[in-house]
Amino acid sequence: MTDDLKELFTFLSFPSVSTDSKHRQDVRNCAEWIIRKLSAMPLTTELHETPGHPIVIARNKYQADRKTVLIYGHYDVQPADPFELWSSPPFSPEIRDGRIWARGATDNKGQMLAHILGVGKTLEANGELPVNLIFLFEGEEEIGSPNLAPFLKAHRDELKCDIIAISDTGMVAPNTGTLGYGLRGITCAEVKIIGPVRDLHSGIFGGAIANPATAIARLVASLHDGEGKVAIEGFYDEVRPLEAWEREMWAKVPGLSDQDYLKVTGSPASFGELGYSSAERVFARPTAEVNGIGGGYQGEGSKTVIPSEAFVKFSFRLVPDQDPQIILQRLRVHLEKHCPPGVKLVIEDGHDGKPYACDPHSNFGKAAQRALKRTFPGEPMLIREGGSIPIVQAFREILGVDTLLLGLALSDAQIHSPNENFPIENFEAGIRLNQALLEELAK
Ligand code: BES
Ligand code: ZN
């Protein structure tokens, strides 16, 4: 095994699950490992405490005549459960079929280490970098980056830069350079319906007392119309329409056909807002999703009860120029209007992040495309992303800087799912890409 792969294996063996307090020390150990690695390169490092998990900063020596590039990544991962569905343990990385299998392999440790090793190789070869570099690594991306925006505000001057680069998004097909120029935003909410003070006998009380599970189902059903559109009043008011050049471009990108989406997901048929392709629905249209729903008896056989409570967890993916807080307000109005009588409605806000889009043909965008062309065959593909990296729009609002998304995540990487994986070839290409990127951004 190469030294680079050994390093990745070590990085992947930290169970740095940000959402789970029992992994708090593992997250910290992982941050400290990164600090040791960066210090040895050598870069100047800082570990910043936050009310949550630490932020890691590293930089080379500043020179006024060079451009400043900030590279962002996250060292936290999603929980690995359900564990029994993994072919090998999530925090004991293994290589099979040319891929590294572990939680975080693609999202984001493999891609983040490719940034670090690309910089390391340039430093080894030249003793210097062609740019002023700021590494910014956080341990809370998977929980919505609650402490990073305040950190940016407090350290605005030290984080001043010309451009930001991130590898934490998709690559449309193997060995295909992909530049992302947009991300969807997100807003989450949990809705509880509260009925009787305890579960009731459904024969003795059924018909006379409202059923919270039925009420939840009615609310969920009220969210969409018959054409796959979100039925919340005003939901689409600020949605920027798709540009003709984007639709034309995406229709030609490999790996993005409706059939490709079915193949990757194993779903029997396409579904979504009428009048759009699968890629258009994911990249540029907002959605309402149910991420979890429950209430009532879940065990074997039947149990004749009216549950006292039921819940649903919603998330909404947003596109420019929708605002998460405004959408949440419209959701509240919608839920209050559609909640059936006889129950109590409780809405709890979750985390959020704004949508983002930039011009892929800016000077820095062109530099990123040249770096992709030097690393992968053919012309780079330009896409927007269905996923969210909430801090990216905050980078623009707080630091005034755009972000280039140089994605290495394949659609079958199974990020957030069991058996997450990262092809060794993507890891190695990512290292070369980062070397090329610094050179091109410096021009
Ligand atoms: N790396 C992903 C986002 C991503 C993946 C974008 C693939 C595009 C393609 C990131 O780590 C992530 O999962 N973000 C969360 C954010 C949320 C928890 C606030 C998401 O999109 O669900
Ligand atoms: Zn993720």
Side-chain angles (χ1 to χ4, degrees), residues 12 16-20 52-53 72-80 90 102-115 137-149 165-173 176 178-190 253 255-256 261 264-265 278-279 282-284 286-292 313-319 324 327-328 349-357 381-394 403-418 420-422 426 430:
L12 289 170
S16 49
V17 180
S18 49
T19 194
D20 188 343
H53 302 301
Y72 162 91
H74 64 93
Y75 64 88
D76 64 320
V77 297
Q78 287 273 328
R103 169 57 83 233
T106 283
D107 183 10
N108 175 229
K109 287 174 173 171
Q111 299 187 78
M112 181 181 139
L113 191 61
H115 278 302
F137 299 130
E138 71 157 318
E140 300 190 319
E141 194 274 347
E142 298 291 5
I143 50 172
S145 304
N147 292 297
L148 190 51
I166 303 180
S167 287
D168 191 24
T169 52
M171 171 184 272
V172 293
T176 308
T178 306
L179 177 64
Y181 63 95
L183 290 159
R184 284 199 287 189
I186 188 168
T187 190
C188 304
E190 177 161 350
V253 174
L256 293 187
Y261 277 88
V264 170
T265 59
S278 298
V282 170
F283 294 170
T287 59
E289 296 289 352
V290 173
N291 301 126
K313 290 171 189 276
F314 290 123
S315 67
F316 298 81
R317 294 285 167 167
L318 310 177
V319 301
I327 293 298
L328 210 53
D349 300 354
H351 58 68
D352 66 13
K354 290 182 183 172
Y356 174 78
M381 298 294 148
L382 310 184
I383 64 164
R384 279 152 71 178
E385 285 290 359
S388 308
I389 307 177
I391 204 61
V392 171
Q393 179 61 19
T403 297
L404 305 164
L405 302 162
L406 298 119
L408 301 168
L410 293 179
S411 60
D412 62 356
Q414 298 181 195
I415 68 175
H416 295 205
S417 303
E420 180 174 352
N421 63 86
F422 192 42
N426 287 38

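Everything numeric here is computed off the predicted structure, so don't read it as measured data. Ligands are counted one by one from 1 in listed order, and the atoms in each one are counted from 1 as well. For reference, positions follow the sequence shown, starting with 1.
- The side-chain heavy atoms of Leu408 and Phe422, taken from C-beta on, include a pair separated by under 4.5 Å.
- In the candidate list Glu141, Arg317, Glu385, Arg384, Glu141 is nearest to atom 12 (C) of ligand 1, counting heavy atoms.
- There is no side-chain donor-acceptor pair under 3.5 Å between Glu141 and Asn108.
- Below 3.5 Å of separation, one finds an N or O of Asp107 facing an N or O of ligand 1.
- At least one heavy atom of His416 sits closer than 4.0 Å to an atom of ligand 1.
- Listed here is the closest heavy atom pair of Asn291 and Ser315: OD1-OG, 2.7 Å.
- Looking only at side-chain heavy atoms (C-beta outward), Tyr181 and Leu404 stay at 4.5 Å or farther from each other.
- Atom 18 (C) of ligand 1 has its closest protein heavy atom at Glu142 O, 3.5 Å.
- Proximity of a side-chain donor or acceptor of Glu420 to a complementary backbone N or O of Thr106 within less than 3.5 Å is detected.
- A heavy-atom separation below 4.0 Å is found between Ile415 and ligand 1.
- When all heavy atoms of Glu142 and Asp107 are compared, the pair lying nearest together is OE2-OD2, 3.0 Å.
- Atom 1 (N) of ligand 1 has Asp168 OD1, 2.7 Å as its closest protein atom, hydrogens excluded (heavy atom only).
- Checking Tyr72 against Glu138 by side-chain atom types alone, a donor-acceptor pair falls below 3.5 Å.
- The nearest protein atom to atom 15 (C) of ligand 1, hydrogens excluded, is given as Ser388 O, 3.6 Å; this is a heavy-atom distance.
- Between the Zn ion (ligand 2) and Glu141 there is no N/O/S contact shorter than 2.8 Å.
- Proximity annotation for atom 17 (C) of ligand 1: of Glu140, His74, His351, Met171, His351 comes nearest, heavy atoms only.
- Residue contact annotation: Asp168 places no N/O/S atom under 2.8 Å from the Zn ion (ligand 2).
- With Ser16 as the fixed residue, the side-chain hydrogen bond (donor to acceptor under 3.5 Å, both in side chains) test singles out one of His74, His53, Lys109, Arg103: Lys109.
- Residue Gly170 approaches ligand 1 through these ligand atoms, each under 4.0 Å from one of its heavy atoms: 9 (C).
- To the nearest 10 degrees, the angle centred on the Zn ion (ligand 2) between OE1 in Glu142 and OD2 in Asp107 reads 150°.
- The backbone N or O of Met381 sits nowhere less than 3.5 Å from a side-chain atom of Thr178 that would complete a donor-acceptor pair.
- Every atom of ligand 1 with a heavy atom of Pro390 under 4.0 Å away is listed here by number and element: 19 (C).
- Taking 2.8 Å as the criterion, His416 counts as a coordinating residue of the Zn ion (ligand 2), since one of its N, O or S atoms falls below it.
- Here the CD1-CG distance, from Ile415 to Asn421, works out to 10.5 Å after rounding to the nearest 0.5 Å.
- Every N/O-N/O distance between Thr169 and ligand 1 stays at or above 3.5 Å.
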